[in-house]
Amino acid sequence: MPLPKQFDSADVESRLYEAWEKGGCFKPSGKGEPFCVVIPPPNVTGSLHMGHALNTTLQDILVRFERMRGKDVLWQVGTDHAGIATQMVVERQMAEKGEKRTDLSREEFIERVWEWKAESGGKIQNQFRRLGASVDWSRERFTMDEGLSAAVRKVFVQLYEEGLIYRAKRLVNWDPKLVTAISDLEVETREVQGHMWHVKYPLAGGETYEYVETDADGNETLRETRDYIAIATTRPETILGDGAVAVHPDDQRYAPLVGKLCEVPVGPKEHRRLIPIITDEYPDPDFGSGAVKITGAHDQNDYGVAKRAGIPLYRLMDEHASMRADGAPYAEEVEKAAALRDQDGEPDEAAVDAINLVPDDLRGLDRYGARWEVIGQCEAEGTLIRVEDKTIQQPFGDRSGVVIEPMLTDQWWVDAEKMAGPAIEAVRSGKTRFVPENWDKTYYQWMENIEPWCISRQLWWGHRVPVWYGPSLRKSMGKPSSDALEQWKRGELSMEDMLMSGEGPERMIPDHGTKKVFCAESSEKAFAMMREYYPTDYQIGTVELEGRSIDDIVHQLAEKGRPNLIPVYQDEDVLDTWFSSALWPFSTLGWPEETSELERFYPTAALSTAFDIIFFWVARMMMMGLHFQKEVPFKEVYIHAIVRDEHGQKMSKSKGNVVDPLGWMDTYGTDALRFCLAAQATQGRDLNLSEQRVEGYRNFRTKIWNAARFVEMNEASVPEGFDPAALKLPLNRWIAHEATEARAQVTSALEAYRFDDAAQAAYRFTWNLYCDWALELSKPILNGEDAAAKEETKATLAWALDRILVLLHPFMPFVTEELWAQTGERDGFLMLEDWSAPDLRDEAAAGDVRFAIDLISEIRSLRAEMNVPPSARLPLVALGADAETQRRLKDQAPALRQLARIEDITLADTPPQGAAQIVTGGVTYALPVAEHIDLSAELARLEKEIGKTESEIGKIDNKLANEKFVSRAPKEVVDEQHTRRADFTATLEKLQAAKARLEAM
RNA sequence: GGGCGCAUAGCUCAGUGGUAGAGCACUGCCUUCACACGGCAGGGGUCCGUGGUUCGAACCCACGUGCGCCCA
């Protein structure tokens, strides 16, 4: 069946992908050197965007290349569970039916998420199939599947036991809409129009000072007596939680105030708090007033200052970023704050956090409502100096779209600093190498300044923190009297007194006021730990808090007459999705089981990803891999570009310039998109994607298709026992030579992750050598009389086409596989074909064919310039040709006749009358163009050639005249210049002779 | 403020000590029997600027200008 005229990408793509998968082509062969790549797991709710398309295409190119080279390739695929995104998707779905997550129990909700995943969670996987990704689907993993969850729990428990995971109160990015901590990655900082409010903080006790400003030369520009310090803030509502005012230690304006107290200028007048004026390197004397208010619980920078100076961190807001409404009336809370401040030593974090410094009238307002109230009060009191319009950087939650509130909360943390050491060392020592290598700087910079990693999220969907809490034990005097117990139940006796009222020997009893942590890989193990810990006469029961406090539960149990039942509960938080992704290179290979895959494929060979997740993912995989496997997770990290639109703009939904890769795949075919992405994947620069370029590569695909049709129409095929090393004709030996060169170029480019060079080398060989010259030069032979030459040429064309299919397969898997199937009797799939081929370089044959190519090109150029009609045939006269040239002319005569439309070829010592002349390869050729020749045009053309040649000779002469060049430059460079000069001079002489002959006419 | 980049043809980009390249776009010619998603030919460049190193700089170094991005 002949090849169809057109390649139908839609039909071929799905059919072939299925065939590959069915044929087991994506599975490791079990033979050869192991080569493993783990796919960066896409979000299970995600769909394919251009970044995925690029990353997946590049990986697939590498993987197909290595597979064809005979390596034992495992491309490990899977998705991550994307805690927030997935929970949101399911909640949105529920909302459509008028349901809320909290209508369900946690368990029921998680069940719903699994149902959603079963129905709709496979979208991006199918899109990977459309891209042609040769991943091993039989090993697909999901971060929430049983094995990966076991890995997560094991890692958590071990790190906890090693002290590398801990619970602490620190500042996090709090999303008040989603009501959870989120990672830096999920925070998008945007410039928005805002304001800067300048506010006076009166000095305590009405003190005054001389405020002096000077210019750069030290001249005084302002002097006044002030009884306040001015601060500037973009968030006036946080004034309520100020713990200090900070100035730069070198700022002379405020030097007299350091160590003094000033007044927080809002809240009821009679309860104004006094806060210290301190120094810190953070305030920029040139920014605002130079004095910065410090609200440690609601600002990253302030947090640092407060921590350094021991300033209390007053939390002002609740989980919805509304002003706190808990605690005692404001007057009492202020006193508590003052009492804590006056205590010696560091204030207790929890005690400070319990203090609510929001004045009674502002409690329950949202952040912005409170802001206007605060401004209003300042204005009324005259402490508002001025309001400045200002562009400010504001953090937004990328999923919720609301302003992120830096907030002090209790979270689980990984002590990343301790784990970073080996991860830094692994890159320094070259165990893991970044490509391009300058990305290691980004890695070092982050690793060396790494912050504790917040791993807990206040969600339901995810790996639940494997920690259970119960009361700790403390000593008691024995069993309390039943009277005391009754009194305690009625609330007439404190628990303490009740417990101490007992008689008999001392014993351990639960103290519900303090927590005991049980960290274990399963509830069973945790339960066993508890059983061990608690006295045998207590029962242990697991409860879900579901919004209740443990005190309430304890009380309820007591009321029900079950004081011997100890309620324990699991931590309600889940872990950051990145925590499970950090284990990806070994968890997907089966860890914690000791699998043969883990043994064989870890460390993996290469990781391909974009630079923006070096921090969030690459660095963390390095830390976890080194900690748990004692080896790096991958030997090389290829960092590819970010895909931008054709004008270099970042693609974003708001700009509306997002290109859907699937759309282009529909229009141009997957192969064209893949080739385009590879050809543009240069190192060290972003990738500006243009539709015209994809179109160009679609044309390239069509070109290959048509070349194959040409081969087919000539009934060319590779015969049994074909030996490309035994070819006779220069043309055939030449294309074998070029095929060898091309394969070498593509191979070394791919080994160096130079996808652009690899694509270009394959493109050039296919189009500019095979199609433009091999096929064209074959035509006179195929149409000629020499049967043996015909057979050899047909066989070679078919063989060379096969080489092209092999070479292009990693880039364009579909069209190449289809042609492979359609153009011969094949033993198997092209994708499993051997990449290697014998070295068939032959410079002599290459020289012969290049002679023809050069001469044909020169003649064509001359004809075009002389406006010789394409149909006209011209005789060619070689002037004083040497023996080799004569041989070549004889050999190449059919080619010259057909491709340069030469009539016949003769040798002469002097040119015929009225001939245009060209000089190439040291020989002058005359083309009697008689009726076509325009004498002056031909003279002008020759003069131009002469001018160019003279200028080249001039440049070389300058060099050679330079004594220092001759004496200091390497000999071969000098020799080369002599050779070049000789060549140019010979050409020049011949050109001048040609010109002289014309002038003589 | 700290860090990382980029600046080469109209556009998008390779090149990185010795001869300036590609693709696309552009111009002219050609429906020739694989392909007009094609063929042939052609035009087009102070390699951002200024210094320095060197026999020699688009390339190495310094400074400057402009533009990105990351961290704070």
Side-chain angles (χ1 to χ4, degrees), chain A residues 3 5-7 184 189 281-282 284 286-287 300-301 304 393 436 438-446 449 451 611-612 614-615 642 644 646-650 668-669 672 676 679-714 754 756-757 759-761 763-764 767-768 771-772 775-776 778-779 783 797 856-871 898-901 952 955-956 958-970 972-974 976-977 980 983-984:
Chain A
L3 281 175
K5 243 194 131 164
Q6 292 284 327
F7 174 72
D184 292 346
T189 306
E281 297 288 331
Y282 163 64
D284 176 357
D286 298 325
F287 187 80
Q300 285 291 351
N301 293 309
Q393 303 279 331
N438 57 296
W439 286 113
D440 61 11
K441 295 201 181 94
T442 304
Y443 174 84
Y444 293 138
Q445 202 200 329
W446 193 67
N449 301 296
E451 293 283 324
F611 78 89
D612 52 352
I614 291 177
F615 303 150
I642 296 288
R644 297 170 176 278
E646 58 189 312
H647 306 295
Q649 296 288 306
K650 208 168 180 173
Y668 302 106
C676 185
Q680 290 200 266
T682 60
Q683 290 184 3
R685 202 190 264 247
D686 286 346
L687 188 159
N688 296 358
L689 200 65
S690 102
E691 186 158 5
Q692 280 184 325
R693 231 173 135 164
V694 188
E695 194 184 350
Y697 293 118
R698 188 271 321 264
N699 297 350
F700 176 53
R701 186 203 62 205
T702 306
K703 186 80 180 173
I704 303 161
W705 188 259
N706 282 311
R709 287 182 60 225
F710 174 82
V711 171
E712 183 189 54
M713 282 173 187
N714 283 284
R754 302 300 309 243
D756 55 334
D757 287 349
Q760 205 193 354
Y763 184 102
R764 273 187 59 79
W767 197 321
N768 303 109
C771 292
D772 286 350
L775 293 188
E776 294 303 327
S778 76
K779 285 176 182 174
N783 298 330
L797 286 182
I856 290 166
S857 300
E858 288 289 340
I859 295 169
R860 281 172 168 176
S861 183
L862 177 84
R863 292 175 62 112
E865 281 185 62
M866 292 288 105
N867 288 316
V868 177
S871 53
Q898 179 148 344
L899 302 188
R901 299 197 71 79
E952 286 299 326
K955 277 192 225 165
I956 298 167
N958 280 342
K959 261 188 187 184
L960 293 172
N962 183 342
E963 252 178 65
K964 284 181 176 172
F965 171 72
V966 178
S967 59
R968 295 195 193 179
E972 53 285 9
V973 173
V974 180
E976 194 192 343
Q977 296 304 321
R980 288 186 66 222
D983 291 347
F984 278 121

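Residue numbers start from 1 in every chain, and the chains themselves are labelled A, B, ... in the order their sequence lines are given, proteins ahead of strands.
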Taking OP1 and OP2 of B/G42, is either one under 4.0 Å from a side-chain nitrogen or oxygen of A/S861? yes
Any strand: nucleotide that pairs with B/G43 via Watson-Crick or wobble, under 3.5 Å: none
Distance between the P atoms of B/U65 and B/A22, in whole angstroms? 35 Å
Check this for me, if you would: do A/E712 and A/R709 make a salt bridge, where the nitrogen-to-carboxylate-oxygen distance has to be below 4.0 angstrom? no
Phosphate OP1/OP2 of B/G5: any A/K441 side-chain N/O under 4.0 Å: yes
Could you tell me how far B/A62 sits from B/C26 if I compare only their C1' atoms? Round to whole Å. 40 Å
Under a 3.5 Å limit for both distances, which nucleotide forms a Watson-Crick or G-U wobble pair with B/C59, could you say? none
Strictly below 4.0 Å: does A/K779 bring a side-chain N or O up to OP1 or OP2 of B/U32? no
Would you measure the distance from the C1' atom in B/U53 across to the matching atom in B/C60 and give it in whole Å? 8 Å
If only side-chain N and O atoms of A/T682 are considered, is one of them under 4.0 Å from the OP1 or OP2 phosphate oxygen of B/A14? yes
Keeping A/N962 on the side-chain end and A/N958 on the backbone end, is there a donor-acceptor pair under 3.5 Å? no
Would you mind telling me which of B/A14, B/A41, B/A34 lies closest to the side-chain atoms of A/D756? B/A14
Fit a plane to each ring of A/F611 and A/W439, take the angle between them on a 0 to 90° scale, and name the class: parallel (under 30°), tilted (30 to 60°) or perpendicular (over 60°). parallel
Assert: residue with more 5' nearest nucleotide on RNA chain B, out of A/D757 and A/F710, is A/D757
What distance, rounded to whole Å, do you find between the two C1' atoms, one in B/G21 and one in B/A34? 29 Å
If only atom types and distance count, is the side chain of A/R863 paired as donor or acceptor with the main-chain N or O of A/R901 below 3.5 Å? yes
Across all strands, who's sitting opposite B/U12 as a Watson-Crick or G-U wobble pair, both distances under 3.5 Å? B/A22
Does a nitrogen or oxygen in the side chain of A/R754 sit under 4.0 Å from OP1 or OP2 of B/G15? yes
If the C1' atom of B/G49 is compared with that of B/A58, how far apart are they to the nearest Å? 14 Å
Just checking, is any N or O donor in the side chain of A/Y697 or A/R693 under 3.5 Å from an acceptor N or O on the other one? yes
Once rounded to the nearest 0.5 Å, what's the spacing between atom NZ of A/K955 and atom CZ of A/R980? 8.0 Å
Quick one: is A/N699 getting a side-chain N or O under 4.0 Å of the B/G38 phosphate, OP1 or OP2? yes
Counting distance only, does the side-chain N/O of A/S861 pair as donor-acceptor with the main-chain N or O of A/S857 below 3.5 Å? no
Would you measure the distance from the P atom in B/C24 across to the matching atom in B/U32 and give it in whole Å? 24 Å
Considering Watson-Crick and G-U wobble pairs with both distances under 3.5 Å, what does B/G64 pair with? B/C48
Of A/D184 and A/C771, whose nearest nucleotide on RNA chain B comes first from the 5' end? A/C771
Determine, for nucleotides 18-26 of chain B in 5'-to-3' order, which nucleotides have protein heavy atoms under 4.0 Å from the base (write B), from only the sugar-phosphate (write S), or from neither (write -). BBS-SSSS-
